[in-house]
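Keep in mind that the numbers below use all heavy atoms, side chains included, and drop hydrogens, waters and symmetry copies. Below, chain A is the first sequence line, B the second, and so on; all start at residue 1.
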Protein chains: 2
Amino acid sequence: MPLKFANRVNEIQSSEVRELLKLTEQPDFISFAGGLPAPELFPIEEIRQVNEWLLKEDGQAALQYSTTEGFEPLRAWIAQRMNQKLQTNFDPDNILITSGSQQAIDLTGKIFLDEGDVVFCESPTYLAALNAFRAYGCQFVEIATDENGMDMEDLEAEIKQYPQAKLIYVIPEFQNPTGLSWNLERRQELAKLSEQYQLPVLEDNPYGELRFEGEDLPSIRHFDQSGTIICTGTFSKIFCPGYRIGWIAGDKEILKKYTIMKQGTDLHSNTKAQREIALYLEHFSIDKHIATIRDLYLHRRNLMLAAIEQYFPKEVQYTRPEGGLFVWVTLPEYMDVRPIAQECLAEKVAFVSGETFYPTSENHHTFRLNFSSMPDERIKIGIEKLGRVLYNYTK
Amino acid sequence: MPLKFANRVNEIQSSEVRELLKLTEQPDFISFAGGLPAPELFPIEEIRQVNEWLLKEDGQAALQYSTTEGFEPLRAWIAQRMNQKLQTNFDPDNILITSGSQQAIDLTGKIFLDEGDVVFCESPTYLAALNAFRAYGCQFVEIATDENGMDMEDLEAEIKQYPQAKLIYVIPEFQNPTGLSWNLERRQELAKLSEQYQLPVLEDNPYGELRFEGEDLPSIRHFDQSGTIICTGTFSKIFCPGYRIGWIAGDKEILKKYTIMKQGTDLHSNTKAQREIALYLEHFSIDKHIATIRDLYLHRRNLMLAAIEQYFPKEVQYTRPEGGLFVWVTLPEYMDVRPIAQECLAEKVAFVSGETFYPTSENHHTFRLNFSSMPDERIKIGIEKLGRVLYNYTK
């Protein structure tokens, strides 16, 4: 008689990306699979300095239990930053600190989703969000998505077909996995539909600060008239992911429900991490730091696109992201990515096949390439190897 | 048309203890309400040193994403420590690092509980575990509990009455809220029932290292013959709670399910915090540190018990815990704790009324006192004030 687990245990598989990441930890692997920031840019000396100050001046508070809502000066910084960058209108009490934006996504599922509820998402979309929501027994409905974002006509048709839907999940800036961003019109339109149908939107934005070309657009939340747009952000891509510090931003009544749910989930996020980040933000220029990240990623993106141009078969298509971490590759329909991925792994080159990013539809001719974490030489070599494998499968 | 939340949102209220804690942040409050460790014992200088080493030698890895399972050297230390202190038989791969033991409890709910499932628990039991499990829509059945632990006859009767029950939740060492520990016989018996009915037990043990009188007993897991006992522990009470680092320990097949579920929940726990703790354990003596904590808490317990003896009415009963953080007070049945708690708050003395620790039964004549976090003088003054209020309500 085996132990009886919850139904959700059978529905959720280990993330293929994380399994792949374990494999690619071998030092001779060239991995375009992860979404790792470049660790050589972590401001280690500044963090050392911050720890000195923190432990000298405020050690007891930094190591003690703290409020579920999070450290007030950090929440104040986040509110101000969002208002400045995303044209929102938040104050510190609109912000709840979470254990990475992954927890913000999980808590969103916990707040909104009962078994069988429908979640609308982009096609393709962020894999680990799918797994977070799946734990609450939801169904996904993929909305047709092009280079300008979700197709609003398709979305409205699906809303009408699923009047009991509970949530719309989107990543409008340098989307994971495609690297593409929504245009202004779609943002406005989504805010309008969200209000009209009182259907909350989770606007997930981990990469928005990493724009190296083009112009920033206002967030979807900027167009929110009735408090139905909830935002999440993170320090993982602009500072260091090891801290696991992210946030939820939204109307106070909704934030209260997140806060109560977070109490039972992990009481609060790491006190010391929150204070380290707040001290860093107070004493150093994160704008300068982000500029350094942008410069490097732009350089690596250019390098990767040039190598793709040189080494990939001409019939292979790819995005040219203006920011973020990812290039999205589309093969001709006759090419199946699965044997290609296997052959590349044998060559010690890794990427993530597109099929994992589609919750319901089948897709075997796309894949995602990360350009942020490999040094120049390995990007060139890796893309060259990948190109050779691709040529083996062309007609 | 308001937003539609998940059903669980309506079932979970903000933890009264955490709301009370906010109130008692005023510096002139004497609070016996929380479960805060004494912050004056945090090894701040050692942590400063650890940060120096860590950021000099291993900064990039300490600030980067890491595996869901957690930092191997830390998992190895935990396995060894449990084997030594709790007579278990774990290796590092039996351990999953969690964001505090609160997350270990939450993940246990997520792994095991579907809507309507039954959880057996002590009466009274840890409030925040109730809220964590409630999020998965379970029902609680309180098992009669005395000064030696759960009543095993009552447990078996309830198991027979609820054959679809999914989980037994217990805190066998210096229980929260009563401060009492299970005797050897009950531990053996619970392991036997758990195997016989293949009903998993979560053995929650945040306070076991804080014994200042009497002899350690083997854990319930020590008697586990078939892998149905799952353990959780934490660094919050023996090191610093602000790190939010705890763990789950159990058979590897079960651990896999926890790991997959944790991926979707928050990817992994704070990398830097895990490495700071591991470096501290490598270079400093946590045994010496724990001895200092034990000495202080014994001193404060003695002080509190002496003050209770002096200032409380004779008909009021209380436990004499051999470790941990809490004394549990039982009033004569004719005294109602609710007006007493209100009057004490007006006097700026806080404690947690017992009713919150009972998931189903009504109880208005008990309360919990924390003795770990207030300095000597305030323990005396607070208990004296509390005693005066109690005398107002005696016959």
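Residue with the most contacts toward chain B among A/A104, A/C240, A/A62, A/P241: A/P241 (heavy-atom pairs, distance under 4.5 Å). Per-residue heavy-atom pair counts under 4.5 Å with chain B were compared for A/L63, A/T98, A/D266, and the maximum is reached by A/L63. Each of A/G264, A/G242, A/A61 has some count of heavy-atom pairs under 4.5 Å with chain B, and the biggest count is that of A/G242. In terms of heavy-atom pairs under 4.5 angstrom with chain A, the leader among B/L167, B/L36, B/T271, B/N270 is B/N270. Put simply, of A/Q103, A/E276, A/E52, the one with the most heavy-atom pairs under 4.5 Å next to chain B is A/E52. Highest contact tally toward chain B, considering only A/A129, A/G35, A/S226, A/A132, is held by A/A132 [criterion: heavy-atom pairs under 4.5 Å]. Ranking A/G100, A/G246, A/P39 against chain B, the residue ahead of the rest is A/P39, based on heavy-atom pairs under 4.5 Å.
Proximity to chain A is limited to the side chain of B/K166, based on heavy atoms less than 4.5 angstrom apart. The contact between B/K4 and chain A is made by backbone and side chain atoms together, counting heavy-atom distances below 4.5 Å. Heavy atoms of B/S269 lying under 4.5 Å from chain A belong exclusively to its backbone. If you measure heavy-atom distances from A/E40 to chain B, the contacts under 4.5 Å come from both the backbone and the side chain. If you measure heavy-atom distances from B/F42 to chain A, the contacts under 4.5 Å come from the side chain alone.
Heavy-atom contacts from other residues, nucleotides or ligands closer than 6.0 Å to NZ of B/K252 number more than 12.
For A/E115, the salt bridge (charged side-chain N to carboxylate O under 4.0 Å, His left out) test picks out no residue, with sequence neighbours left out.
Note that CD of B/Q49 and CG of A/L55 are 11.5 Å apart. Values are rounded to the nearest 0.5 Å. For the atom pair OH (A/Y136) and OH (B/Y136), the distance works out to 4.5 Å, reported to the nearest 0.5 Å. The distance from atom CG of A/L267 to atom CD1 of B/I105, rounded to the nearest 0.5 Å, is 8.5 Å.
At distances below 3.5 Å, at least one donor-acceptor pair connects side-chain atoms of B/R8 with backbone N or O atoms of A/L113. A donor-acceptor pair is defined here as one N or O able to donate and one able to accept, closer than 3.5 Å; such a pair exists between the side chain of A/Q64 and the backbone of B/P37. For B/D114 (side chain) and A/N7 (main-chain N/O), a donor-acceptor pair under 3.5 Å exists by modelled atom type.
A 4.5 Å side-chain heavy-atom check between A/N51 and B/R48 finds every atom pair outside the cut-off. You'll find the side chain of B/T265 stays beyond 4.5 Å of the side chain of A/Q102, heavy atoms only. Using a 4.5 Å cut-off on side-chain heavy atoms (C-beta onward), A/I47 and B/K272 make contact.
Figure legend: B/K257 and A/F5 shown as a cation-pi pair, the cationic atom lying under 6.0 angstrom from the six-membered ring centre and within 45 degrees of its axis.
Note on residues 97-107 of chain B: pairs passing salt bridge (charged side-chain N to carboxylate O under 4.0 Å, His left out), not counting sequence neighbours, are A/K110-B/D106.
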